Engineer: 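Dumping the structure here so I can ask a few things about it.
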Amino acid sequence: MDDGPGPPPKKPMMPIGFTAQMLEDQTSPGAQLFIKTCAQCHDLPSPQLHTAEEWPDVVTRMVNRVRRRRFFSSQKLFVPGNKNAEKIAEYLSAHALKKADDTLMNDTSPTGQLFQRKCTQCHALPDPKLHTASEWPNVIERMRGNIERMQKEAISNSEKEELVRYLSERGRV
Ligand code: HEC
Ligand code: HEC
């Protein structure tokens, strides 16, 4: 169907497919508050989307959004108080993405640069030690799915191979 010219379709805000059932410690008070608060405007974000250092600021920004939204609209929203917002930030920080150390962030080799470019499109540069050589191919394959859904820069087959080699050499044994 042709609707004529209009605004370009919006890129999805959150990769779909992450659900509360996938959370660690999902019965903890922090997780419960996170679920109650953070799926009101978009899909529930994965705690792995940010590092422990990044989460507190993101939570503050989002809680301010809920406060504004509730103030300006008749929508019934759950608004966490400061104590509860802190609990959400603590929960997310405890289950956050572990980021690569500075050596990798400053690696100027071609593959190092490829890793930095492709793997920081949605989150911080991940620590290769998070996975073993046998796990990395599947993780990168899952990231390709995330890239497709979020319409980010794709990873070709040869780039995937290069990244698997780079991450596996530095991975957990
Ligand atoms: C009132 C609606 C609303 C609620 C509730 C909300 N968000 Fe958001 N969120 C947004 C909007 C709008 C965006 C896109 C603009 C932006 O990034 O600020 C967004 C984007 C995001 C992003 C992607 C951008 C980034 O900075 O990584 C993350 C992650 C996120 N939200 C996490 C959360 C968390 C955690 C909570 C619960 C504390 C939450 N959101 C609650 C509206 C909301
Ligand atoms: C399109 C956005 C996007 C890009 C680009 C991306 N990721 Fe992710 N990544 C995610 C999302 C969303 C999650 C949390 C949900 C999940 O695990 O699929 C995540 C989580 C992770 C995790 C933690 C979960 C786990 O299985 O250990 C690692 C490690 C990771 N990404 C590595 C990478 C690597 C390596 C690259 C580059 C090849 C990359 N990511 C590129 C979106 C992305």
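Side-chain atoms are counted along with the backbone in the values below, which use heavy atoms only and exclude waters and symmetry mates. All ligand and atom numbering here is 1-based and tracks the order in the structure. Treat the numbers as computed from the prediction; the structure is a model and nothing was measured.
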Engineer: Taking backbone and side chain together, does His123 place any N/O/S atom at a distance below 2.8 Å from atom 8 (Fe) of ligand 2?
Structural biologist: yes
Engineer: Within the 3.5 Å criterion, strictly below it, is a donor on Ser109 or Thr111 matched to an acceptor on the partner's side chain?
Structural biologist: no
Engineer: In terms of residue, atom name and distance, what is the protein heavy atom nearest to atom 13 (C) of ligand 1?
Structural biologist: Met13 SD, 3.3 Å
Engineer: Out of His42, Arg65, Lys36, indicate the one that has the non-hydrogen atom closest to atom 7 (N) of ligand 1.
Structural biologist: His42
Engineer: Is the distance between atom 8 (Fe) of ligand 1 and the nearest N/O/S atom of Cys38 smaller than 2.8 Å?
Structural biologist: no
Engineer: In terms of side-chain geometry, is the basic nitrogen of Arg165 or Glu162 positioned less than 4.0 Å from the acidic oxygen of its partner?
Structural biologist: no
Engineer: Under 3.5 Å between some N or O of ligand 2 and some N or O of Lys118?
Structural biologist: no
Engineer: Could you state the interatomic distance from CD (Gln21) to CD (Gln26), rounded to the nearest 0.5 Å?
Structural biologist: 6.5 Å
Engineer: Using a plain distance cutoff, I'd like to know if Arg142 has any nitrogen or oxygen under 3.5 Å from a nitrogen or oxygen of ligand 2.
Structural biologist: yes
Engineer: Does any N or O atom in Gln48 lie less than 3.5 angstrom from one in ligand 2, N or O only?
Structural biologist: no
Engineer: Pick one of side chain, backbone, both or neither for how Glu153 approaches ligand 2, counting any non-hydrogen atom pair under 4.0 Å.
Structural biologist: neither
Engineer: Does any N, O or S atom of Met143, backbone or side chain, fall under 2.8 Å from atom 8 (Fe) of ligand 2?
Structural biologist: yes
